[in-house]
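This report refers to the structure that appears directly beneath it.
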Amino acid sequence: MARSASQSFADGGEWKGILLMILLVFISVLNVNIAGRTIGFIFLPLIGVCLWPRTDKVIISIIAIFIFGLLLDLLSAGPLGLWALIFLTVFAISRPHMRLKPHNFSSAFIQWVIFLIFAIIASYLLGWFAMENRPDAPALLFQALAAAILFPLVYGLRHIGRYMLSDADARGL
Amino acid sequence: MIGSDTDSTRASTITLILAFLVASILFMTDRGSDRLLQRTQIGAESTMSPGLAILSKPLRGAENLIAEFKDRSRALEENKALKEELYRLREDKQRSQIMAKKLERFEAILAADPGIDIPEKKIAARAVSEVEGPFVRAALINAGRNKGVQKGHPVMTVDGLYGHVLRAGPRASRVLLLGDLNSHVSVMSLRSDARAILSGDNSEQPRLDFVDDRADWKDGDTVVTSGDDGILPRGLPVGTVKETGERKFIVGLNTRDKNVDWVWVYPYVPTQAPDETEAENETAAEDANVVADADNAASAPDSAEAAPVGANTEAGLR
């Protein structure tokens, strides 16, 4: 298995991910009215899943992501299980625990855009199936755009968090 | 062991598959039915609402600040327009006071029910989270059963009807907004009394359904609740009609494009349909009385207990 010896430095990394997800889930259900248009951030927690820390406590990570998905479903009053399914799929594809190097901004952004496109399509189709009615596509795209604009901010926040919560040896992981 | 350094690939794969399965089961069972975990949802909303209220404060503050800047930039012209409106409204107020007196007198003469059923009591709350997403249009308010909020209560802003309470938790309530797909409200035109159903379609402007061919709807009509559904009180302002095609209308909601911070809930008690079993019992009791009265009346001439029969008959007929 391609797990480096330095993997043990990532111990406890899941808590940074959990803290970031708590913040992002809360913000995602707060809409902002800008220039007469209500903008939501439902895709924001997806950034947290994409930037999930490289930790060897995979089971805790899976359970946490599953719970955050359900929490987002409950708080956004959407179909129950929708975000849990999307988050778990993204986690299963990105496999942060198998990542050998930390993300730099460009690689993280490219990965995020790919997962965002996947999430838009998945949420549209699953939402259509669950609600038996086509979801509002422009609203979906607007929310995706809002989250994409905030990506650098969240990435920066995670970067700062990594410096504040990790010891010197663990930085860069 | 879960969470230990020895999380094996196999164990994590099994956990992932299990999580997928549980999420899929929840998704499938929740589809097209009442929420499976309604109690959990109410609990989650109530628990999260204080946190959301704290987080929403700076956001709402920023929104209000931007709105204030905008207002300030056009304060002079707005002041002029407001003055003109004030002069007009003064005259209208005088007229309406005279009309109110007249109406009061007519109601007293006719002993009629005025029919104004908008409650005077209001429950103030903060809209701590608003979801105007692709699937739902709902809001979370930080008032629940602890303040007397119940399912079905109308929720207002200063501009008009915002929605109605979908679920009331102990300390927070979920409000279904007028634009939501599941929102259907009985409305009428203030000008012509024409009736229709305001149906949400997850868009910014809900449409008018069941518009009768003879119903007199026009572009610019003011839409208010009709109270025909027996759920919402009559006369709550909703929005303005826009004609989009032949006999096709949408409604520009009064609350659209507004920063919604404070709302109030009307503790309106809807018209209650008579309980079927109660009504059946009453009918059965009345029938029994009528039969008993008939028997008593038949035996009355040769009975010494004639007097109470008359009383019974009266009671039966009453």
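Throughout, protein chains are lettered first and strands after them, A, B, ... in sequence-line order, and every chain is numbered starting at 1.
For the residue pair Asp159(B) and Thr255(B), no side-chain donor N or O sits within less than 3.5 Å of a side-chain acceptor on the partner. Side-chain atoms of Ser94(A) and Trp52(A) form no donor-acceptor pair, as typed in the model, at a separation below 3.5 Å.
Looking at Ser28(A), there are no atoms closer than 4.5 Å to chain B (heavy atoms on both sides), in backbone or side chain. For chain A, the nearby part of Leu181(B) is the side chain; its heavy atoms alone come within less than 4.5 Å. With a 4.5 angstrom heavy-atom cutoff, Leu126(A) touches chain B via backbone and side-chain atoms both. Using a 4.5 Å cut-off between heavy atoms, Phe26(A) touches chain B through backbone and side chain atoms alike. Only the side chain of Ile62(A) comes within less than 4.5 Å of a heavy atom of chain B; its backbone N, CA, C and O stay farther away. Proximity to chain A (any heavy atom under 4.5 Å) is restricted, for Val128(B), to the backbone atoms N, CA, C and O.
With sequence neighbours excluded, the residues that form a ring-ring contact (aromatic ring centres under 6.0 Å, His included) with Phe151(A) are Phe105(A), Phe109(A), Trp112(A).
The environment of Leu21(B) atom CG is dense: over 12 non-hydrogen atoms of other residues, nucleotides or ligands sit within 6.0 angstrom.
Of the listed residues (Ala138(B), Ser24(B), Ala139(B)), the one with the most heavy-atom contacts under 4.5 Å to chain A is Ser24(B).
Residue Phe43(A) is tested with Phe87(A), Phe115(A), Trp83(A) for a ring pair (Phe, Tyr, Trp, His ring centres under 6.0 Å); the sole match is Trp83(A).
For the pair Arg174(B) (side chain) and Leu75(A) (backbone), a donor-acceptor distance under 3.5 Å is present.
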